[in-house]
Amino acid sequence: MVGGVIASSSCPCDVAPGRHEVCIGMARSDRELRGKILDYLRSHHGDLCRHWFDDIEVLGIEGGVLRLLVAEPIRLRYLQRVGTQVFSEAAQAVTGRLLPVRFLGSTTGVTPERVPTSSGAGDGSDMPASLDEQMVLSPDYSFDQFVIGPENRLAHAAAMAVADRPGRAYNPFVVHGGVGLGKTHLLQAVCQAVLARQPSARVVYISCCTFIDAFHECVKAGRMPDFRHRFRNIDLLVIDDVHLLSRHEQTQEEFFHTFNSLFQAGKQLILSSDAAPVEIPALEERLISRFNSGLVARVDRPSFETRVAIIKAKALLHQLTIPEDVPAYVASRIDSNIRELEGALARIRALAQANSVPVSLDLAKQALADDMRRDVERSPSIHAIIEEVTRYYNLKVTDLLSKRRHKSVALPRQVAMWLARRHTRYSLEEIGGHIGGRDHSTVLHAVRTVDHRRELDRALSSDVSRLERSLLRGDDEAR
Ligand code: ADP
Ligand code: MG
């Protein structure tokens, strides 16, 4: 903690010196003020709180602004992005007066604007604003916070090796797997580890979506040299959700050259994708082979034990006290992905807060009952899809599930697979298993075919839309 008691001239209450005792009750010291702010945040914005908020130090008040010191650059930048408003609200609530908050870095004279960005590339000024946004890394996504289980052990070990020896361990490093299984977490953990060891490293972490947008913007504005400079003069390029390159031929072409240029210079590339490279629809062969030339690691759905460990870790991170029996209960109820686990924990916290009671097993059960109802409402079952498709195309279920390849059956079967892929959380293998015992490549082919044909064939496109609508309406009726 820096500084001691707030000097009366900079006391948050700003009352006349003669009446200074008025403020004493509000904030006797920096520590006290911080404690009150954090208490307020815990009770009003619990989901935003992190245990490392305890490391924030109060520097004092200058020009009517409460200055808070955040020593670690990634936390600093994160708070500057997402914390200013709520911390100002908290400062106002606990001092009773308007008190905007400003987060500062530890280096003397470093203003928030001049704190190095997590990009490390530091030349965001001549790029579209959206690019700079993407550079914010979440302090939550560090290796420390990553729970290791058999489902992610290889990906985690490889990520650690890459962070240790960028460009020399596995290049490129590709992590793939379903949604909410920790890909972004691992990618950002590598960035943070590299930056922690070598703060001057030029690291760019970007979502593929932003990469594509930036590419189009730069093409339109005739600023491709800027674009190339940005992405080719760096030490580590991390592109999240690279499957989104699918069907973006021009961006694929540019990315191919970015890839080669970095690779040849011995720079590290890390990519994540929702499918293995070969399964990314409409991805150029030469990119597939580049992606496969390094290490491709899959993350799978977490086992029960991993889920329990993750829930405990998240509760700790969010400073949520939960009884011993709650993690196992939540883990037994939610097995899809980790984002869902976090959602459940957030709802448990919200319910506890709304009722001003501590978290208990009963409360968790109540919170999850709502959760599961919502889940059922959200996604149709594969059986509902099969029934709807056979009804729509006037087929028998046995035909749809048979090996018949006649067009009249094959197309509806592909549509059913497409709907299952889009509207359920089942993997390609699982969908294949439910729809006539096909393997994952058949399902993948079906998904790609329907995607492709929908663009060219109006009738098919409207069939699929109608089926989607009635499947979702079916859920409505079930409510
Ligand atoms: P993806 O990018 O695969 O969709 P994310 O990396 O965004 O998934 O993960 C979703 C959430 O689950 C994040 O909050 C992340 O911290 C958490 N998470 C995923 N895997 C783990 C893990 N092994 N340990 C701790 N948290 C995890
Ligand atoms: Mg992600």
Side-chain angles (χ1 to χ4, degrees), residues 46-52 74-75 78 82 118 133-160 162-163 173-193 204-212 238-246 270-277 279-280 296-320 322 327 330-331 334-349 371 421 425 427:
D47 52 330
L48 197 106
C49 290
R50 299 293 186 272
H51 62 60
W52 53 265
I74 288 168
R75 293 177 179 174
Y78 177 76
V82 307
S118 51
E133 290 294 316
Q134 280 300 309
M135 299 305 181
V136 180
L137 300 174
S138 166
D140 293 354
Y141 295 172
S142 62
F143 280 125
D144 288 353
Q145 294 293 331
F146 194 82
V147 174
I148 304 160
E151 318 77 19
N152 58 34
R153 196 178 302 282
L154 172 65
H156 173 266
M160 294 276 278
V162 167
F173 170 44
V174 181
V175 191
H176 72 94
V179 75
L181 299 184
K183 302 182 296 297
T184 297
H185 189 139
L186 272 181
L187 263 48
Q188 293 204 5
V190 176
C191 296
Q192 301 194 37
V204 170
Y205 166 85
I206 188 170
S207 78
C208 190
C209 196
T210 310
F211 183 83
I212 295 169
V238 182
I239 301 203
D240 207 352
D241 291 330
V242 81
H243 54 270
L244 298 174
L245 279 179
S246 166
I270 308 181
L271 311 165
S272 82
S273 160
D274 74 351
E279 292 179 352
I280 300 174
V296 179
R298 192 168 92 174
V299 282
D300 286 309
R301 280 155 68 151
S303 63
F304 175 75
E305 287 76 16
T306 312
R307 296 199 298 278
V308 171
I310 289 175
I311 294 164
K312 289 183 178 167
K314 296 290 174 193
L316 212 63
L317 175 70
H318 291 267
Q319 298 187 304
L320 182 68
I322 50 174
V330 176
I334 296 178
D335 65 356
S336 47
N337 71 52
I338 297 146
R339 208 167 287 151
E340 300 285 331
L341 288 179
E342 289 184 321
L345 213 54
R347 272 186 280 283
I348 291 172
R349 174 203 280 280
D371 221 28
R421 184 66 173 158
R425 296 207 192 87
S427 65

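We count ligands from 1, going down the list as the structure has it; atoms in each ligand are counted the same way.
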Fill in: Atom indices of ligand 1, in the order listed, that fall short of 4.0 Å to a heavy atom of Gln145
24 (N), 25 (C)

Response to the item:
If you scan protein heavy atoms around atom 6 (O) of ligand 1, the nearest is His185 N, 2.8 Å

Item to complete: Report yes or no: does a heavy atom of Lys314 sit under 4.0 Å from some atom of ligand 1?
Response: yes

Item to complete: Could you tell me whether the Mg ion (ligand 2) has an N, O or S atom of Ser272 under 2.8 Å away?
Response: no

Worksheet item: Which of the atoms in ligand 1, numbered in the order shown and given with their element, are less than 4.0 Å from a heavy-atom of Gly178?
Response: 3 (O)

Worksheet item: Under a heavy-atom criterion of less than 4.0 Å, does Gly180 contact ligand 1?
Response: yes

Discussion item. With a 4.0 Å cut-off on heavy atoms, is Ser138 in contact with ligand 1?
Written reply: no

Worksheet, complete the sentence: One finds that the ligand 1 atoms under 4.0 Å from a non-hydrogen atom of Val147 are 22 (C), 23 (N), 24 (N), 25 (C)

Practice prompt. Measure the distances from the heavy atoms of Asp140 to every atom of ligand 1 and state whether one is below 4.0 angstrom.
Written response: no

Discussion item. Return the CD1 to CG distance between Ile310 and Leu345, rounded to the nearest 0.5 Å.
Written reply: 11.5 Å

Discussion item. Tell me if a side-chain donor or acceptor on Lys312 pairs with a main-chain N or O of Pro327 at a distance below 3.5 Å.
Written reply: no

Fill in: Sub-4.0 Å atoms of ligand 1 with respect to non-hydrogen atoms of Gly182
1 (P), 3 (O), 5 (P), 6 (O), 8 (O), 9 (O), 19 (C), 20 (N)

Worksheet item: Ignoring hydrogens and geometry, is there a side-chain-to-backbone donor-acceptor pair from Gln192 to Ser138 under 3.5 Å?
Response: yes

Worksheet entry | Salt-bridge present (Arg50, Asp140; N to O < 4.0 Å) | yes

Discussion item. Test your reading of the structure: does Phe146 have an N or O sitting under 3.5 Å from an N or O of ligand 1?
Written reply: no

Item to complete: Check each heavy atom of Thr184 against ligand 1 and say whether those closer than 4.0 Å belong to the side chain, the backbone, both or neither.
Response: both

Worksheet item: Does any N/O atom on Ile338 come nearer than 3.5 Å to any N/O atom on ligand 1?
Response: no

Discussion item. Using side chain to side chain contact (heavy atoms under 4.5 Å, CB included), reason through His51 and Leu316 one step at a time and then give a plain yes or no.
Written reply: CA-CA 7 Å; His51 62 60; Leu316 212 63; 5.5 Å; no

Worksheet item: So, is Asp240 polar-close to ligand 1, with some N/O to N/O distance under 3.5 Å?
Response: no

Fill in: Proximal ligand 1 atoms for Val179, defined as those under 4.0 Å from one of its heavy atoms
4 (O)

Item to complete: Give the atoms of ligand 1, by number and element, whose distance to some non-hydrogen atom of Tyr141 is under 4.0 Å.
Response: 13 (C), 14 (O), 15 (C), 16 (O)

Item to complete: Give yes or no for whether the N/O distance cutoff of 3.5 Å, strictly under, is met between Leu181 and ligand 1.
Response: yes

Practice prompt. Select one of side chain, backbone, both or neither to describe which atoms of Asn152 lie under 4.0 Å from any atom of ligand 1, heavy atoms only.
Written response: side chain

Worksheet entry | Flag for Ser272-Asp240: side-chain donor and acceptor within less than 3.5 Å | yes

Worksheet, complete the sentence: Residue, atom and distance of the protein heavy atom nearest atom 11 (C) of ligand 1 read Glu342 OE1, 3.3 Å

Worksheet, complete the sentence: Judged by heavy atoms only, the candidate from His156, Glu151, Arg339 nearest atom 10 (C) of ligand 1 is Arg339

Item to complete: Show the numbers, then the answer: is there a side chain to side chain contact (heavy atoms under 4.5 Å, CB included) between Leu245 and Cys208?
Response: CA-CA 7 Å; Leu245 279 179; Cys208 190; 3.7 Å; yes

Worksheet, complete the sentence: Near Lys183 (heavy-atom distance under 4.0 Å), the atoms of ligand 1 are 1 (P), 2 (O), 3 (O), 4 (O), 6 (O), 8 (O)

Discussion item. Can you give me the closest heavy-atom contact between Asp274 and Arg421, atom names plus distance?
Written reply: O-NH2, 4.4 Å

Item to complete: Verify, without hydrogens or angle tests, whether His243 (side chain) and Ala275 (backbone) share a donor-acceptor contact under 3.5 angstrom.
Response: no

Item to complete: On the 0 to 90° scale, with breaks at 30° and 60°, tag the Phe146-His156 ring pair as parallel, tilted or perpendicular.
Response: parallel

Discussion item. Tell me whether the count of non-hydrogen atoms from other residues, nucleotides or ligands lying under 6.0 Å of CZ in Arg298 goes above 12.
Written reply: no

Worksheet item: Rounded to the nearest 0.5 Å, how far apart are OG1 of Thr306 and CD1 of Ile148?
Response: 10.0 Å

Practice prompt. Walk me through it: do Ile334 and Arg307 pass the test side chain to side chain contact (heavy atoms under 4.5 Å, CB included)?
Written response: CA-CA 9 Å; Ile334 296 178; Arg307 296 199 298 278; 5.9 Å; no

